[in-house]
Amino acid sequence: MSSGTFAVLGLYSEAEKIVDAANQIRPHKLGRLEAYTPYPVHGLDRAIGLEPSRLGRLVMLMGVMGAGLALLFEWWVSAVDYPLVTSGKPLFSWQAFVPVMFEVTVLFATFTAGMAMLFALNKLPFFGHPVLHSKAIKDITRDKLALSIEATSAAFDVEAAHQALIDSGAESVEIVPVPTWDRPLSLVGLLRTIAAIVAACVVAGAGLYAAEKLMPIVPPMIHMEDQPKLNAFRESSFFPDGRGMRPAVAGTVARGHLPPAFATPEEAGTLLSNPLPLIQAIAERGRKVFGDHCAICHGTVGNGVPLLSRAYGGKPGNFLSNEIRARPDGHYFGVLMLGKNAMPSYAADLDNDDRWAAVHYIRILQRAQNAKDEDLP
Amino acid sequence: MSDEQSTPTTWGSEAKGLANRFALGSGVAVTFLLFGLIVVPALLRERRPLPRPPSDQPAAASVGWLDQAETPASKGRDLPPVDPATVMTPNPKLLARGEVLFKQNCTSCHGESGQGNGPAAGTLNPRPRNFTQPADWKRGFHVADIFTTISTGVKGTGMAAFDFIMPADRMALVHYVRSLGGFDHGAEDPKALQALADQFRSKGFHIPNRIPVSLAIKKMVTEQAMVPPLQLRPAEDKSASAELLRFAIVDPFRAARTVAATTNRGDLSTVARAWAAGAPDNGFAPAAAGLNAAEWSEIVRALVGRREEARQP
């Protein structure tokens with residue numbers, strides 16, 4: 001008889017009563033105590049003999065393990081297996097490993113917390129809890145509190161449990177049988193579920209296909225690439241001249257795009273002078289422009305040794321050579337506007353003040369590499 | 001029956017508690033051990049002073065050594081003159097040096113094997129010389145000719161002057177360039193060779209003073225002469241020239257610099273063209289380009305005249 005019993009339920013209507021009852025019944029060790037209450041009851045957890053959760057310790061342990069493993073892993077990868085110097089730092093730069101350690105710690109800890117809580121401590125999955133099918137569940141979810149003595153072994157004594165609940169002052173007692181239905185996670189059940197999902201996909205797909213193809217009210221799927229717009233460098237049937245990019249209105253120029261008044265750098269050299277005063281801020285601006293745009297080819301000190309020497313085929317001018325030093329500021333500006341041989345034009349990438357600041361900076365580099373005697377510290 | 005009495009501590013629960021604590025403790029211990037065995041030794045190793053090359057530079061100057069622009073200042077020096085005997089005729093060492101320099105400085109235009117087909121050659125007009133055949137040489141392919149070409153460049157072409165390369169290295173390049181052409185270079189002109197040898201004997205190579213860029217900035221900023229802004233004629237001044245100035249100048253600060261930089265630029269129309277070409281960055285209005293010659297000459301006269309006035313206190 002006991003093998004068919006899941007638990008014996010006793011119903012109470014007051015919180016104090018169920019706590020007292022639990023305290024009274026627990027020493028008899030009739031079975032595992034469990035309580036079902038519509039609201040939390042203070043002290044009930046201790047009364048039914050619930051120990052503090054082990055989850056915290058578990059999470060701690062796994063978190064520490066995660067940190068240790070991550071450290072070990074990073075040390076192995078970057079200092080042993082494939083030693084790679086990064087930014088001139090030692091191979092084992094543990095400070096750089098901390099973010100990954102942190103991430104792995106959190107990963108291990110959260111997964112442990114979630115998995116251990118669900119599967120190890122709460123013993124899920126548990127489909128169709130028997131108490132949900134008891135008569136008492138209506139009352140439990142309304143205003144009654146239930147104490148259940150669960151059968152933990154074949155030797156479970158239903159009579160004794162029944163009596164103990166009545167003795168403790170239960171208003172009514174119910175014997176909850178072990179459910180008789182198939183375990184839902186059987187192979188058949190699983191196959192059925194999969195089949196149902198596949199069937200749902202097929203039906204939904206066929207329906208959508210039919211809706212798109214057969215019913216004209218549903219607009220066809222719009223792909224991202226067919227947008228009705230003009231692409232600057234594509235042809236377009238919209239304008240008579242077949243071009244997407246529109247030419248400027250005759251006799252106008254775009255703001256800030258005044259065409260240069262010179263045709264060659266040499267001509268620019270005879271026409272222009274640097275309008276920016278060489279103050280600290282301009283020098284810094286020039287240093288930034290030069291570092292961002294020019295040093296890659298002309299070298300940090302302007303000696304024409306490219307930082308990307310292997311990748312770049314050209315031979316940039318050496319700003320320190322007498323030939324280039326002798327050229328006027330305007331010549332440099334002209335080169336920046338028009339380009340020169342393998343030197344690309346910077347007309348589109350910089351504004352005029354950036355260009356003039358870069359010209360100042362070239363002069364500074366020339367001075368730095370060709371300093372006067374009184375400049376020496 | 002009180003709660004505590006009802007659950008007497010048993011050996012089982014005691015052992016379980018102990019096991020729990022042991023697990024926790026060993027986890028912490030393992031972590032400390034990991035740090036102790038990996039992090040601490042690494043830190044100690046990092047602490048170990050690196051051997052430093054002996055240096056007479058002050059400590060502050062060695063900061064930023066990774067930045068080429070901030071290398072410590074160094075005094076310029078003169079390299080002694082080259083002994084012509086070592087460079088006038090090719091030898092294996094010279095040719096090896098020449099090959100290295102050629103790869104660094106010339107292949108981008110003249111190509112790996114000197115055929116004038118380097119990656120940058122396509123952008124050049126005239127095209128770089130093909131060293132493997134005798135045709136088209138403008139300056140000649142004798143030793144002294146090539147030396148001159150490398151030293152002074154070819155004006156108006158992509159061929160720059162490589163005067164920053166030391167003379168002995170330039171000679172290495174000369175011999176390497178000649179070795180690229182399998183053709184007969186003909187007899188040398190003994191007079192030109194003698195002149196070249198004399199030049200080597202008489203003059204060394206000067207390596208200039210170098211200072212960090214930040215110091216150069218400081219020097220040049222302090223040397224910079226501040227130009228006071230142009231005083232445009234007051235608004236009440238309704239004379240034609242005052243109106244013109246107010247129309248033509250949008251930024252009196254920049255315009256002042258532009259005017260100050262204008263020296264010996266020839267006649268009025270050249271100056272006017274130059275000022276209009278730099279607009280609007282140079283302080284002049286772009287619309288001023290539409291002014292006629294008379295109006296411009298009025299502006300130039302007014303501004304340059306004024307500058308002269310300002311010069312004489």
For A/Pro90, is it the side chain, the backbone, both, or neither that has a heavy atom closer than 4.5 Å to a heavy atom of chain B?
-> side chain
When the 4.5 angstrom heavy-atom criterion is applied to A/Tyr361 and chain B, the contacting part is side chain
Take B/Arg210 and A/Asp375, measure what salt bridge (Lys or Arg N to Asp or Glu O under 4.0 Å) needs, and give me the verdict at the end.
-> CA-CA 9 Å; B/Arg210 304 241 146 98; A/Asp375 290 349; over 6 Å; no
Go through the atoms of B/Phe162 and report whether side chain, backbone, both or neither lie under 4.5 Å from a heavy atom of chain A.
-> side chain
Is A/Glu267 salt-bridged to B/Arg273, cutoff N-O under 4.0 Å?
-> yes
Looking at CH2 of B/Trp275 and CG of A/Leu271, how far apart are the two atoms once the value is rounded to the nearest 0.5 Å?
-> 13.0 Å
Taking B/Ile211, B/Val221, B/Val213 one by one, which has the highest count of heavy-atom pairs under 4.5 Å against chain A?
-> B/Ile211
May I ask you to decide whether B/Glu70 forms a salt bridge with A/Arg287, counting only side-chain N to carboxylate O separations under 4.0 Å?
-> yes
Members of residues 57-66 of chain A whose heavy atoms come closer than 4.5 Å to chain B = A/Arg57, A/Met60, A/Leu61, A/Val64
If one checks every heavy atom of B/Val39 against chain A at 4.5 Å, the contacting part turns out to be both
Is A/Arg325 salt-bridged to B/Asp163, going by a charged N under 4.0 Å from an acidic O?
-> no
Can you say whether A/Phe262 sits under 4.5 Å from chain B via the side chain, the backbone, both, or neither, judging by heavy atoms?
-> neither
How many angstroms lie between atom CG of A/Asn274 and atom OG1 of B/Thr258, to the nearest 0.5 angstrom?
-> 9.5 Å
When the 4.5 angstrom heavy-atom criterion is applied to A/Leu320 and chain B, the contacting part is neither
Which pair of non-hydrogen atoms, one from B/Ala73 and one from A/Pro377, has the smallest distance, and what is that distance?
-> CB-CD, 3.5 Å
One should read off an interatomic distance between A/Glu374 CD and B/Lys219 NZ, to the nearest 0.5 angstrom, of 7.5 Å
A/Leu276 and B/Arg257: CA distance, side-chain angles, deciding distance, side-chain contact (heavy atoms from CB on, under 4.5 Å) verdict = CA-CA 8 Å; A/Leu276 298 183; B/Arg257 278 186 62 83; 5.5 Å; no
Portion of B/Ser26 that has a non-hydrogen atom of chain A nearer than 4.5 angstrom = neither
Heavy-atom nearest pair, A/Ser321 first then B/Ala161, reads CB-O, 4.3 Å
Greatest number of heavy atom pairs closer than 4.5 Å to chain B - which of A/Leu71, A/Thr264, A/Ile324, A/Ile279 = A/Ile279
Residue B/Glu223 excluded, over 12 heavy atoms near CD under 6.0 Å = yes
Contact summary for A/Arg367 and B/Ala216, nearest pair of heavy atoms | CG-CB, 4.2 Å
Got a second to check how far A/Trp75's CH2 is from B/Leu37's CG, nearest 0.5 Å?
-> 9.5 Å
Interface residue of largest heavy-atom contact number with chain B, from A/Asn303, A/Ile364, A/Leu72, A/Thr300, under 4.5 Å = A/Ile364
Check each atom of B/Ile38 against the heavy atoms of chain A and say whether the ones under 4.5 Å are side chain, backbone, both or neither.
-> both
Over all heavy atoms of both residues, which pair between A/Leu376 and B/Lys75 is shortest? Give the atoms and the distance, please.
-> CD1-CG, 3.9 Å
Value rounded to 0.5 Å, distance of CD1 in B/Ile217 from CD1 in A/Ile282 | 12.0 Å
Minimum heavy-atom distance A/Gly68-B/Leu34, with the two atoms named | CA-CD1, 3.4 Å
So what's closer than 4.5 Å to chain B heavy atoms on A/Lys372: side chain, backbone, both or neither?
-> both
Sort B/Ala289 into side chain, backbone, both or neither according to what part of it lies under 4.5 angstrom from a heavy atom of chain A.
-> neither
Can B/Asn209 and A/Asn370 be said to form a side-chain hydrogen bond (donor to acceptor under 3.5 Å, both in side chains), step by step?
-> CA-CA 5 Å; B/Asn209 299 328; A/Asn370 231 310; over 6 Å; no
